[in-house]
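Just follow the structure's listing: the first ligand is 1, and inside any ligand the first atom is 1.
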Amino acid sequence: MATKALITGINGQDGSYLTELLLEQDYEVHGIIRRASTFNTGRINHLYQDPHESGARLFLHYGDITDSTNLGRLLNEIAPDEVYHLAAQSHVRVSFDQPEYTGDTTGLGTTRMLEAIRGSGAKPRFYQASSSEMFGAVRETPQTELTPFCPQSPYGAAKVYAYWMTVNYRDAYGFHASNGILFNHESPRRDPRFVTRKITRAVAHIREGLQDKLYLGNLDSKRDWGHAQDYVRAMWLMVQQDEPDDYVVATGETHSVREFLVHAFTHVGLNWEDYVEIDPRYLRPTDVNLLLGDASKAREKLGWEPELTFADLVTAMVDADIRLLEEQKSGILGPESRAVREFG
Ligand code: NAP
Ligand code: GDD
């Protein structure tokens with residue numbers, strides 16, 4: 001029988017790559033999506049299979065991580081072997097505008113999933129999408145699994161709570177529950193409200209004369225940026241281990257937003273300084289200035305290595321945004337898929 005996985009946040013950036021990885025390995029994949037007033041499955045449409053056809057291995061269910069009765073019912077009905085809990089309000093800047101909601105989804109959402117599993121009586125393996133944002137005002141560099149947390153945002157604080165709840169269910173109830181402490185990871189499927197995709201999308205538009213300026217906030221901030229495709233492989237590897245544990249997943253290189261700008265604009269022969277302006281709206285009440293991860297444990301115990309470099313990531317994202325714009329211009333994409341890809 002096929003191994004059954006349940007993914008929350010399946011239509012997000014990571015959910016879509018993880019679904020591809022699991023389907024390639026003959027899993028039966030179940031995903032939870034929220035009802036939205038517009039289509040929100042743009043990242044997984046290419047994987048869609050009619051659930052009534054024999055051989056279908058991808059099944060979507062309506063649900064929400066703020067709705068515990070729904071989560072309990074889904075856990076009972078699906079009885080998964082593995083649960084990948086990726087759903088969250090994942091935008092750090094937005095978490096300052098919506099601290100309570102972020103606590104409810106990004107923090108308590110994990111407790112609701114863990115409780116739904118406990119109530120179901122089944123013992124699926126559990127993956128928690130923890131974050132380098134938990135290190136916040138970093139106490140040491142590079143950051144490892146032993147570096148103390150010092151979150152600098154409501155999002156970071158909610159993720160610290162979720163991290164410790166995952167550890168607690170492992171210790172208290174014997175759950176096979178692991179935290180992946182993932183550093184920033186990006187891709188052409190990244191939402192354009194995160195800085196990397198905001199930049200690469202703007203580069204494509206500026207190159208075509210469709211945009212004059214790019215407004216950004218803190219350019220000095222440094223991140224350890226990897227590719228999402230590499231990072232979902234690390235998630236899966238954690239869940240396959242005999243013993244649950246917590247792992248840092250990072251490239252071991254850090255680059256500033258300014259360096260990202262240089263690479264992205266230079267790739268199309270433009271000078272970023274001609275286009276970028278600072279807009280204080282994009283500054284945060286408190287920001288995380290430097291993240292740099294040490295993924296030695298993941299390398300040694302999981303055999304995980306990132307395959308794509310920072311330069312690969314930037315050029316892949318710029319090229320994908322140029323291609324997307326060309327498809328839109330030539331009318332290959334219908335208005336609906338255009339909207340989904342633009343905003344999804
Ligand atoms: P993302 O693209 O923002 O995806 C988040 C997913 O969560 C979306 O599918 C979203 O659904 C879903 N979601 C949000 N609120 C929900 C709710 N109340 N009920 C059900 N689903 C809900 O994020 P990502 O980049 O794939 O990241 C996946 C996870 O890893 C997140 O928990 C994030 O915090 C964490 N993480 C990400 C990074 C990174 O650099 N990408 C690094 C460390 C940790 P909608 O489409 O309906 O909004
Ligand atoms: N979003 C955004 N927009 N960020 C900007 C901008 C802008 O216009 N200008 C500068 N930045 C800076 C932010 O202040 C931050 O220091 C850095 O760019 C990265 O911001 P984001 O791309 O929004 O990502 P993040 O690091 O805050 O959060 C991401 O990574 C975390 C892992 O460390 C998200 O994916 C989180 O969900 C994830 O946990």
Asks: Among all protein heavy atoms, pick the one closest to atom 17 (C) of ligand 2 and tell me residue, atom and distance.
Replies: Ser221 OG, 3.8 Å

Asks: Which other residues end up in the same hydrophobic cluster as Val167, if Ile, Leu, Val, Met, Phe, Trp and Tyr are linked when side-chain heavy atoms come under 4.5 Å apart?
Replies: Met134, Phe135, Val138, Phe149, Val160, Tyr163, Trp164, Ile181, Phe183, Val248, Val288, Leu291

Asks: Can Tyr101 be said to touch ligand 1, with heavy atoms closer than 4.0 Å?
Replies: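 So Tyr101 counts as touching ligand 1.
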
Asks: Using a strict cut-off of 4.0 Å, indicate which atoms of ligand 2 neighbour a heavy atom of Ser132.
Replies: 32 (C), 33 (O)

Asks: Considering only the protein, which heavy-atom contact is closest to atom 1 (N) of ligand 2, and what is its distance?
Replies: Arg193 O, 3.0 Å

Asks: Identify the closest protein heavy atom to atom 27 (O) of ligand 2: which residue and atom is it, and at what distance?
Replies: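 The closest one turns out to be Arg284 NH1, 2.6 Å.
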
Asks: Using a 3.5 Å distance criterion without hydrogens, assess whether the side chain of His176 forms a donor-acceptor pair with backbone atoms of Gln241.
Replies: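 Yes; judged by distance alone, with no hydrogens or angles, the pair exists.
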
Asks: Only heavy atoms of Asp287, strictly under 4.0 Å: list the atoms of ligand 2 that pass.
Replies: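 Checking each atom against Asp287, I get 13 (C), 14 (O), 15 (C), 16 (O).
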
Asks: Given side chains that start at C-beta, do those of Thr200 and Phe265 come closer than 4.5 Å, heavy atoms only?
Replies: no

Asks: Just to be sure I'm reading this right: ignoring hydrogens, which of Ala88, Ala162, Gly109 gets closest to atom 14 (C) of ligand 1? Compare them by their nearest heavy atoms.
Replies: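 Looking at heavy atoms only, Ala88 sits closest to atom 14 (C) of ligand 1.
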
Asks: Looking at atom 25 (O) of ligand 1, what's its closest protein heavy atom, distance included?
Replies: Arg190 NH1, 3.4 Å

Asks: For Tyr231 and ligand 1, answer yes if some heavy atom of the residue is under 4.0 Å from a ligand atom, otherwise no.
Replies: no

Asks: Measuring from atom 34 (O) of ligand 1, which candidate in Tyr155, Tyr84, Tyr127, Tyr62 has the nearest non-hydrogen atom?
Replies: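 Result: the heavy atom closest to atom 34 (O) of ligand 1 is in Tyr155.
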
Asks: Return the residue, atom name and 0.1 Å-rounded distance of the protein heavy atom closest to atom 40 (O) of ligand 1.
Replies: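 Atom 40 (O) of ligand 1 sits closest to the protein heavy atom His185 N, 2.9 Å.
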
Asks: Which of the numbered atoms in ligand 2 are below 4.0 angstrom from a heavy atom of Val92?
Replies: 27 (O), 28 (O)

Asks: For ligand 1, which part of Lys159 has a heavy atom less than 4.0 Å away: the side chain, the backbone, both, or neither?
Replies: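 The part of Lys159 near ligand 1 is the side chain, not the backbone.
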
Asks: Can you name the atoms of ligand 2, numbered from 1 with element, that are less than 4.0 Å from a heavy atom of Glu133?
Replies: 33 (O)

Asks: Nearest non-hydrogen atom to atom 8 (O) of ligand 2 belongs to which of Lys198, Met134, Arg223?
Replies: Lys198

Asks: Nearest protein heavy atom to atom 25 (P) of ligand 2, by residue and atom, and its distance?
Replies: Asn184 ND2, 3.7 Å

Asks: Decide whether the shortest distance between a heavy atom of Thr8 and an atom of ligand 1 is less than 4.0 Å.
Replies: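 Contact absent.
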
Asks: Please could you name the atoms of ligand 2 that Arg190 approaches to less than 4.0 Å, counting only its heavy atoms?
Replies: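 Contacts of ligand 2 toward Arg190, numbered from 1: 29 (C), 34 (C), 35 (O).
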
Asks: How about Asn11 and Arg43: do any of their side-chain heavy atoms sit closer than 4.5 Å?
Replies: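 No, every pair of side-chain atoms sits at 4.5 Å or beyond.
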
Asks: Identify, with sequence neighbours excluded, every residue that meets ring-ring contact (aromatic ring centres under 6.0 Å, His included) alongside Phe194.
Replies: His91

Asks: Any N or O of Gln89 that comes nearer than 3.5 Å to an N or O of ligand 1?
Replies: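 In fact, backbone or side chain, Gln89 has no N or O that close.
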
Asks: Will you find, in the side chains of Gln229 and Tyr231, an N or O donor that is under 3.5 Å from an N or O acceptor?
Replies: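 On atom types as modelled, these side chains do not qualify, holding no pair under 3.5 Å.
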
Asks: Which residue and non-hydrogen atom of the protein lie closest to atom 36 (C) of ligand 2, and at what distance in Å?
Replies: Ser90 O, 3.4 Å

Asks: Relative to the heavy atoms of Asn218, which atoms of ligand 2 are at a distance of less than 4.0 Å?
Replies: 9 (N), 10 (C), 11 (N), 12 (C)

Asks: Using a strict threshold of under 4.0 Å (side-chain N to carboxylate O), is an ion pair present between Asp287 and Arg223?
Replies: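 Asp287 and Arg223: salt-bridged.
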
Asks: Looking only at the side chains, is there a donor atom on one of Glu20 and His46 sitting less than 3.5 Å from an acceptor on the other?
Replies: yes

Asks: For atom 31 (C) of ligand 2, what's the nearest protein heavy atom and its distance?
Replies: Ser131 OG, 3.8 Å

Asks: Counting heavy atoms only, name the option from Val195, Thr196, Asp14, Leu291 that's nearest to atom 11 (N) of ligand 2.
Replies: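 Nearest option to atom 11 (N) of ligand 2, by heavy atoms: Val195.
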
Asks: Which protein heavy atom lies closest to atom 38 (C) of ligand 2, and at what distance to 0.1 Å?
Replies: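 Closest protein heavy atom to atom 38 (C) of ligand 2: Tyr155 OH, 3.5 Å.
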
Asks: Backbone, side chain, both or neither: what part of Glu133 comes under 4.0 angstrom of ligand 1, heavy atoms only?
Replies: neither

Asks: Give the numbers and elements of all ligand 2 atoms closer than 4.0 Å to a heavy atom of Val257.
Replies: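 What qualifies from ligand 2 is 18 (O).
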
Asks: Counting only heavy atoms, which portion of Asn11 has something under 4.0 Å from ligand 1: side chain, backbone, both, or neither?
Replies: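 Both the backbone and the side chain of Asn11 come within reach of ligand 1.
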
Asks: Show your reasoning for whether side chain to side chain contact (heavy atoms under 4.5 Å, CB included) applies to Met113 and Val83.
Replies: CA-CA 9 Å; Met113 281 307 295; Val83 173; 3.7 Å; yes

Asks: Under 4.0 Å, heavy-atom basis, I'd like to know which part of Asn40 is in contact with ligand 1: side chain, backbone, both or neither.
Replies: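 For Asn40, only side-chain atoms sit under 4.0 Å from ligand 1.
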
Asks: If you measure from each non-hydrogen atom of Ser132 to ligand 1, which part falls under 4.0 Å: side chain, backbone, both or neither?
Replies: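 The answer is neither; Ser132 stays 4.0 Å or more away.
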
Asks: Would you check whether Asp191 reaches within less than 4.0 Å of ligand 1, judged by its heavy atoms?
Replies: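 For ligand 1, residue contact (heavy atoms, under 4.0 Å) with Asp191 is absent.
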
Asks: Can any side-chain N or O of Thr41 pair as donor or acceptor with the backbone N or O of Ile44 at less than 3.5 Å?
Replies: no

Asks: Does Gly217, backbone or side chain, put an N or O under 3.5 Å from an N or O of ligand 2?
Replies: yes

Asks: Show the numbers, then the answer: is there a side chain to side chain contact (heavy atoms under 4.5 Å, CB included) between His185 and Asp14?
Replies: CA-CA 9 Å; His185 46 281; Asp14 292 4; 2.6 Å; yes

Asks: Under 6.0 Å from the ring centre and within 45 degrees of the ring axis: does the NZ or CZ of Lys222 meet both conditions for the six-membered ring of Phe260?
Replies: no

